[in-house]
There are 2 protein chains.
Amino acid sequence: METESHSPKSHSPRKMGTFNGFANAPEPWKAFQVRQRNVNEKKDAVLQTAAHLFLEQGYRRTSMGELAKRLNITKPALYYYFKNKEQILVDCYGHGISAIESGLDSALVSHGTGFDKVKAYIEAYATTVVSHEFGRCVAMLDDSSLSPAARKEVRSLKRRIDAAIRHYLEEGIADGSVAPCNVKLASFAIAGAINWIGTWYHPGGELSAAEIGQEFACLLTEGLHRLHTNARSRV
Amino acid sequence: METESHSPKSHSPRKMGTFNGFANAPEPWKAFQVRQRNVNEKKDAVLQTAAHLFLEQGYRRTSMGELAKRLNITKPALYYYFKNKEQILVDCYGHGISAIESGLDSALVSHGTGFDKVKAYIEAYATTVVSHEFGRCVAMLDDSSLSPAARKEVRSLKRRIDAAIRHYLEEGIADGSVAPCNVKLASFAIAGAINWIGTWYHPGGELSAAEIGQEFACLLTEGLHRLHTNARSRV
DNA sequence: GTATTTTCTTACCGCAGAGTAAATTAGCTG
DNA sequence: CAGCTAATTTACTCTGCGGTAAGAAAATAC
């Protein structure tokens, strides 16, 4: 009896008129209050709770039992929806990577110099990492816990994101908008600054996601130097 | 009982970072080939091997048994030198933080504008993280695995490093060498870019520690913009 | 209603890993 | 050499976790 006796603030099993059903609901465990409902909704509830715990205490420190407890179900119920713990992590990565990529896509439709694209990239990427828990999973979670096969899959997805910034940097160097630099190192510096957000950001902070994204884009492209004729508005 | 209790501070804090002789030897396990020898040397051998494993596969994935195996000893022998696994991690942090701080100290003796100091800080910090395995531990390892007491101790040490960069940024803003910006965010961006080095750097790469440090200092202070009259030499 | 399928629980297995007890070996001292 | 102490091993405990087997309970179908 690892899960101690239940009765965890038993919410009335009555299904009060409201549908409790969005994946982004504030209390994902409510998805399990009703038995026969949308399977995908419950999967999303698991993933969302898992992402939260993974970010809070890491993948390895998070046990399936704890995850189940948060959802007011028992451990084996998780295995009805997911093959194993690893699959949950892989799916978190999947959600996060699509979120980042779609953010990048919508930010980069406009055309400009390579420099402009780099700046737009940084802002979009940083904004997603701040505002999206799955995005933060991609930024923070170590994929070395994964099996070789899963790791390979996740890394090939991540590589696409990394290739994009390098491409824009080279474009900028070619069109003269970006100073010649070591593209590999520059992309690492940018990725590091953004991914690191996950270690210090806590939802509900003073700054909005947009503000953080903009400031990061400015810092990482314009630098810290006080420039002579510089009209940028800094916070 | 157990872990939570007092940590006996087996070594004096001021001695951290001072390696006695062979701690940097290529094969730390050799310290254990001879039975009666310098205790501190063996402690350092353990720490060095532990740091290596922690960086390679994370703290939680690294078992005491595996660590012992690498040193050609048995698990309980480790407990002759260290109270528990956590103490090993704490000592790795200690070594790394002193290494970083001494690097900063020696880089920042010269006085200049705030901007210059920020640049020197970044170069020194990055160089240490690249070249020093304990420094990389500070950058990479998650202190959330630690007990509250140990975590508090480690964080107060880390905070000193963080406070330094913020101080230099503010100095630069005051003296006009640094553009007004959100100091907190700027320090996070810089720390992130540097700490992230640990995730991609592997010893024996193409670039030397000094090269990486210089390029990072340039990237993070000068930015990516191609400037009109800019004499900096980029790779 | 009864049968069937979907969903979830109770009870368990096996294993790995942190840490310990007690015996044992190697070095040191006289 | 004997005897003491420092260093290390063998053998073990205990806990927690990933995962499974088998069946109960609810929803659905007929």
Side-chain angles (χ1 to χ4, degrees), chain A residues 1-8 10 13-15 21 29-46 50 53-54 57-90 145-147 150, chain B residues 1-8 10 29-46 50 53-54 57-90 145-147 150:
Chain A
M1 49 169 70
E2 52 186 11
T3 53
E4 52 190 82
S5 50
H6 29 52
S7 82
S10 321
R14 184 95 193 96
K15 38 187 150 187
W29 59 271
K30 283 193 174 173
F32 285 90
Q33 274 193 322
V34 179
R35 188 151 174 149
Q36 206 101 335
R37 216 180 181 89
N38 195 344
V39 171
N40 288 325
E41 182 184 322
K42 298 194 181 178
K43 277 190 179 179
D44 283 345
V46 172
L53 288 171
F54 291 165
Q57 46 185 293
Y59 173 72
R60 288 193 57 96
R61 279 178 73 90
T62 304
S63 71
M64 294 294 272
E66 190 181 1
L67 174 55
K69 207 170 179 182
R70 287 262 180 134
L71 292 160
N72 275 335
I73 55 176
T74 55
K75 191 170 55 161
L78 291 172
Y79 289 87
Y80 180 77
Y81 293 99
F82 294 90
K83 190 186 155 221
N84 52 26
K85 192 182 175 187
E86 175 174 79
Q87 191 58 50
I88 294 178
L89 178 57
V90 169
S145 302
L146 295 174
S147 70
Chain B
M1 55 212 271
E2 76 218 338
T3 53
E4 209 78 26
S5 47
H6 40 66
S7 48
S10 45
W29 59 271
K30 284 195 173 171
F32 285 91
Q33 275 190 321
V34 179
R35 189 155 174 146
Q36 207 102 333
R37 214 186 180 87
N38 194 343
V39 171
N40 287 324
E41 182 182 322
K42 297 194 183 179
K43 277 191 178 178
D44 283 345
V46 172
L53 287 171
F54 291 166
Q57 45 186 304
Y59 173 71
R60 294 203 41 106
R61 281 177 72 90
T62 302
S63 72
M64 295 294 272
E66 190 181 1
L67 174 55
K69 207 171 179 182
R70 288 263 180 134
L71 291 160
N72 275 334
I73 56 175
T74 56
K75 191 169 54 159
L78 292 172
Y79 289 88
Y80 181 77
Y81 294 99
F82 294 90
K83 190 191 155 214
N84 53 26
K85 192 181 175 187
E86 175 173 79
Q87 191 57 50
I88 295 178
L89 178 57
V90 169
S145 301
L146 294 175
S147 70

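Keep in mind that the numbers below use all heavy atoms, side chains included, and drop hydrogens, waters and symmetry copies. Everything quoted here is computed from the prediction, not taken from an experiment. Every chain is numbered from 1 and lettered A, B, ... according to where its sequence line falls, protein lines coming before strand lines.
- Scanning for side-chain contact (heavy atoms from CB on, under 4.5 Å) contacts around B/S63 gives B/E66, with sequence neighbours left out.
- The CD-P distance, from A/E41 to C/dT7, rounds to 12 Å in whole Å.
- Closest non-hydrogen pair, A/V46 versus A/L67, comes out as O-CD1, 4.1 Å.
- Across D/dT9, C/dT9, D/dA7, the shortest atom-to-atom separation from the side chain of A/T74 is found for C/dT9.
- In terms of the ring-ring contact (aromatic ring centres under 6.0 Å, His included) criterion, A/F82 has no residue partners (sequence neighbours excluded).
- Under the 3.5 Å distance criterion, the side-chain polar atoms of A/E86 are matched with a main-chain donor or acceptor of A/S147.
- Atom CZ of B/F82 and atom P of D/dT8 are 13 Å apart (whole Å).
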One pair to check against side-chain contact (heavy atoms from CB on, under 4.5 Å): A/N84 and A/Q87. What are the steps and the verdict? CA-CA 5 Å; A/N84 52 26; A/Q87 191 58 50; 3.5 Å; yes

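- Listed pair A/Y81 / C/dC8 meets the phosphate criterion, a side-chain N or O lying under 4.0 Å from OP1 or OP2.
- Atom-to-atom, NZ of A/K69 to C1' of C/dT10 comes out at 17 Å; the value is rounded to the nearest Å.
- Contact between the side-chain N/O atoms of B/Y80 and the OP1/OP2 oxygens of D/dT8 is not found at any separation under 4.0 Å.
- One atom, CG of B/L71, and another, P of D/dT8, lie 11 Å apart when rounded to the nearest Å.
- Using a 4.0 Å cut-off on heavy atoms, the residues of residues 57-64 of chain A that approach DNA chain D are A/T62, A/S63, A/M64, listed by number.
- The A/P76 side chain lies nearest to D/dT20 when the options are D/dT8, D/dT20, C/dA18.
- Nearest to the side chain of A/I73, among D/dG19, C/dA18, C/dT9, sits C/dT9.
- Judged by atom type and distance alone, B/K75 reaches the base of C/dA18 through a side-chain donor-acceptor pair under 3.5 Å.
- Taking atom OH of residue B/Y79 and atom P of nucleotide C/dA18, one finds them 6 Å apart after rounding to whole Å.
- The interatomic distance linking B/L78 (CG) with C/dG17 (C1') rounds to 13 Å, in whole Å.
- Protein atom NZ of B/K42 is 9 Å distant from nucleotide atom C1' of D/dT8, rounded to whole Å.
- Looking only at side-chain heavy atoms (C-beta outward), B/K42 and B/L71 stay at 4.5 Å or farther from each other.
- Listed here is the closest heavy atom pair of B/T62 and B/K85: O-NZ, 2.8 Å.
- Taking atom CD1 of residue B/I88 and atom C1' of nucleotide C/dG19, one finds them 12 Å apart after rounding to whole Å.
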